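Read through the structure below, which is laid out as structure tokens, and then see the notes.
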Amino acid sequence: MQKQKLLINGVRLKDELEKFANFGRTENNGVTRLSLSEEDRLVRAYFRTCCEELGLVVKIDDMGCMYATLEGTENKPPIVIGSHLDTVKKGGRFDGVLGVVAGLEVVRTLVENKIKPQIPITLVNFTNEEGARFEPSMMASGVISGKFEKTAMLNKVDSDGITFEQALNSSGYAGASENRLKEASAFLELHIEQGPILEKESLSIGVVECVVGMVCYEIEIIGESDHAGTTPMDMRKDALFAANNLITEIRKRLGALDSELVYTVGRMNAFPNIHTVIPNKVVFSLESRHKNPEIIAQVEEIIQGLPSLSSLNEGCEVKTTKLWDRDTVWFEPEICNLLEQSAESLGYSNKRMVSGAGHDAQFVASFIPSAMVFVPSLNGKSHCEEERTTWEDCEKGVNVLLDTVLTMLSK
């Protein structure tokens, strides 16, 4: 007879998620908890209390990240579980916090079942993942992983002119650099999908194999301003008409590359933006994401070829400027396999998938074997008050983490 699986307490998980949502809960049942705000300070204090009640040792690093460790019987690098507690303005109750509370519930389950792990288990709350108050996003994990320079991050300013360093010191969560996450046996992050795929396919678990690569360009179209009423159509150099032509062509060409490619014109400015004047300049952003670097390279080739499309540019000059890019980050295959095996053994429907959004795990993966689990977002909603994941799917996601941790501890 197969041994019955150890499962988490789903009612307790739901109650805990609602308690965390009280720190910054909005009128429409969302959450506003910007990094290092008073709401963030209070939720951190509550999280610390929860951890210390379980006997965990809590430490803070120099970027304000919190680490709560359940000691193991062997002095080995820990299994780390976590995510972030900050939100965007009028965000949801699940983004980030689910990954932190998941770790808390895993440890609670071990403690109440008197399971002493062979190796330590550490829960982590990364500071300023969202970048909603201080840009960029994933700030602390970026510093810890060497992707961002600490001094530059400390000098980042919010809309009120307060620096990150000032807010960190005021919060009481400015710790020591020696407390930073440096090594671990594994890092596991549970997160809501923030997209519609799992719900559309009626699946409960997504085993995330990678965070896709991306590239972002700025396209500038320079024409000539003339009177909107007196200039014949065939004598115009209308930058906005040219932009329209080019965006249509971009959709046609990028759409033919690969069905998994996503691309967005997210920002557009027209000048002089007066209804009686022909636009003399349009600037728009074009961002594209895909896991295959060869596809991204084809995207760049198409973008860089836009200035040569004379039949579409309405006589205007077209310039393309690459703003930034990032490579695809692949997660540890062995851990992905363990997560998939756990989902299967628990009888949960699942699939391998990619993440189009950025997460702390993608930075952590550069120095610690890492992987992620997704659970469905209803209607694909995220970063809004309507964000919702069913309590059942939350419970399933945490059970996958617990089962995976138990498998790791038994090896």
Side-chain angles (χ1 to χ4, degrees), residues 20 33 35-37 40-86 96-97 99-104 106-107 111 117 119-131 133-134 136-156 163-189 359-370 405:
F20 273 76
R33 192 165 57 230
S35 183
L36 303 179
S37 63
D40 189 31
R41 186 188 69 79
L42 291 172
V43 79
R44 284 165 171 265
Y46 177 68
F47 174 57
R48 181 169 196 155
T49 297
C50 292
C51 293
E52 290 177 342
E53 287 176 349
L54 289 168
L56 278 60
V57 177
V58 180
K59 294 183 179 180
I60 315 294
D61 73 15
D62 55 324
M63 290 298 292
C65 299
M66 303 177 68
Y67 309 96
T69 301
L70 176 67
E71 294 182 358
T73 58
E74 299 178 16
N75 185 23
K76 292 183 177 180
I79 297 171
V80 181
I81 307 170
S83 191
H84 61 97
L85 292 176
D86 65 310
V97 66
V100 178
V101 176
L104 192 61
V106 166
V107 170
V111 171
I119 62 176
I121 297 177
T122 296
L123 312 184
V124 60
N125 165 36
F126 288 111
T127 304
N128 194 36
E129 191 273 351
E130 294 291 2
R133 181 181 179 190
F134 301 99
S137 58
M138 303 179 293
M139 179 186 283
S141 59
V143 170
I144 293 166
S145 62
K147 307 297 183 183
F148 300 146
E149 200 275 319
K150 178 184 173 181
T151 300
M153 297 301 105
L154 291 178
N155 289 327
K156 293 293 182 177
T163 67
F164 178 86
E165 183 175 25
Q166 289 171 332
L168 182 62
N169 290 333
S170 296
S171 72
Y173 283 89
S177 59
E178 56 262 32
N179 291 334
R180 286 185 186 183
L181 178 63
K182 299 181 180 67
E183 61 175 349
S185 298
F187 173 64
L188 305 174
E189 182 172 5
H359 300 281
D360 288 311
Q362 77 190 63
F363 284 159
V364 176
S366 66
F367 65 104
I368 290 172
S370 304
V405 168

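Any value given below was found using the heavy atoms of this structure, including those in side chains, with hydrogens, waters and symmetry copies removed. Every value quoted in this text rests on a predicted model; they were computed, and no experiment measured them.
Looking at Val58 and Arg44, their side chains never come closer than 4.5 Å, going by heavy atoms from C-beta outward. Residues Asp86 and Arg33 form no side-chain contact, since every pair of their non-hydrogen atoms from C-beta on lies 4.5 Å or further apart. With a 4.5 Å cut-off on side-chain heavy atoms, Tyr67 and Val80 do not count as touching. Using a 4.5 Å cut-off on side-chain heavy atoms (C-beta onward), Pro117 and Leu70 make contact. In this structure, the side chains of Pro77 and Ile119 stay at 4.5 Å or more apart for every pair of heavy atoms. A 4.5 Å side-chain heavy-atom check between Val107 and Ile81 finds every atom pair outside the cut-off. Side-chain contact between Met63 and Lys150: present, with at least one pair of heavy atoms (C-beta onward) separated by less than 4.5 Å. For the pair Ser366 and Lys147, the minimum side-chain heavy-atom distance is below 4.5 Å.
Put simply, the side chain of Glu189 gets close to the backbone of Ala361: a donor and an acceptor are under 3.5 Å apart. Asn128 places a side-chain N or O within 3.5 Å of a backbone atom of Phe134 that can act as its donor or acceptor partner. Between the side chain of Ser83 and the backbone N or O of Val97, no donor-acceptor pair lies under 3.5 Å. The backbone N or O of Thr69 sits nowhere less than 3.5 Å from a side-chain atom of Thr122 that would complete a donor-acceptor pair.
Listed here is the closest heavy atom pair of Phe187 and Ile368: N-CG2, 3.8 Å. When all heavy atoms are compared, the tightest approach of Pro369 to Ala184 is CD-O, 3.9 Å. For the pair Phe148 and Met139, the tightest heavy-atom approach, listed with the atom from each and the gap, is CD1-O, 3.6 Å. When every heavy atom of Phe363 is checked against every heavy atom of Ser141, the shortest pair comes out as CD1-OG, 3.5 Å. Shortest non-hydrogen contact noted between Asn169 and Ala174 is OD1-CB, 3.5 Å. Here the closest heavy-atom approach between residue Phe20 and residue Val43 is recorded as CD2-CG2, 3.5 Å.
For CD of Gln166, the number of neighbouring non-hydrogen atoms (other residues, nucleotides, ligands) closer than 6.0 Å is greater than 12. Heavy-atom contacts from other residues, nucleotides or ligands closer than 6.0 Å to NZ of Lys182 number more than 12.
Here SG of Cys65 is found 7.5 Å from CG of Asp360. Values are rounded to the nearest 0.5 Å. One finds the OG1 atom of Thr163 at 12.0 Å from the NZ atom of Lys156 (value rounded to the nearest 0.5 Å). We find the CZ-CE distance between Arg48 and Met66 to be 6.0 Å, quoted to the nearest 0.5 Å.
The side-chain hydrogen bond (donor to acceptor under 3.5 Å, both in side chains) check on Ser35 picks up nothing, with sequence neighbours excluded. The side chain to side chain contact (heavy atoms under 4.5 Å, CB included) search around Ser171 returns Leu36, Leu168, Tyr173, not counting sequence neighbours. Considering only residues two or more places apart in sequence or on other chains, Ser370 meets the side-chain hydrogen bond (donor to acceptor under 3.5 Å, both in side chains) condition with none of them. In this structure Gln362 satisfies the side-chain hydrogen bond (donor to acceptor under 3.5 Å, both in side chains) test with no other residue, sequence neighbours excluded. Judged as a side chain to side chain contact (heavy atoms under 4.5 Å, CB included), and not counting sequence neighbours, the contacts of Asn155 are Thr151. Every residue two or more places apart in sequence or in another chain that forms a side chain to side chain contact (heavy atoms under 4.5 Å, CB included) with Ser177 is listed here: Asp62, Arg180.
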**Message:** As a quick check of understanding, evaluate side-chain contact (heavy atoms from CB on, under 4.5 Å) for Leu54 and Leu104, giving each step before the final call.
**Reply:** CA-CA 9 Å; Leu54 289 168; Leu104 192 61; 4.0 Å; yes

**Item:** Derivation and outcome, side-chain contact (heavy atoms from CB on, under 4.5 Å), residues Leu181 and Val124
**Value:** CA-CA 9 Å; Leu181 178 63; Val124 60; 5.6 Å; no

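Each of Leu56, Asn125, Val57 was scored for a side chain to side chain contact (heavy atoms under 4.5 Å, CB included) with Cys51, with one residue passing: Leu56.
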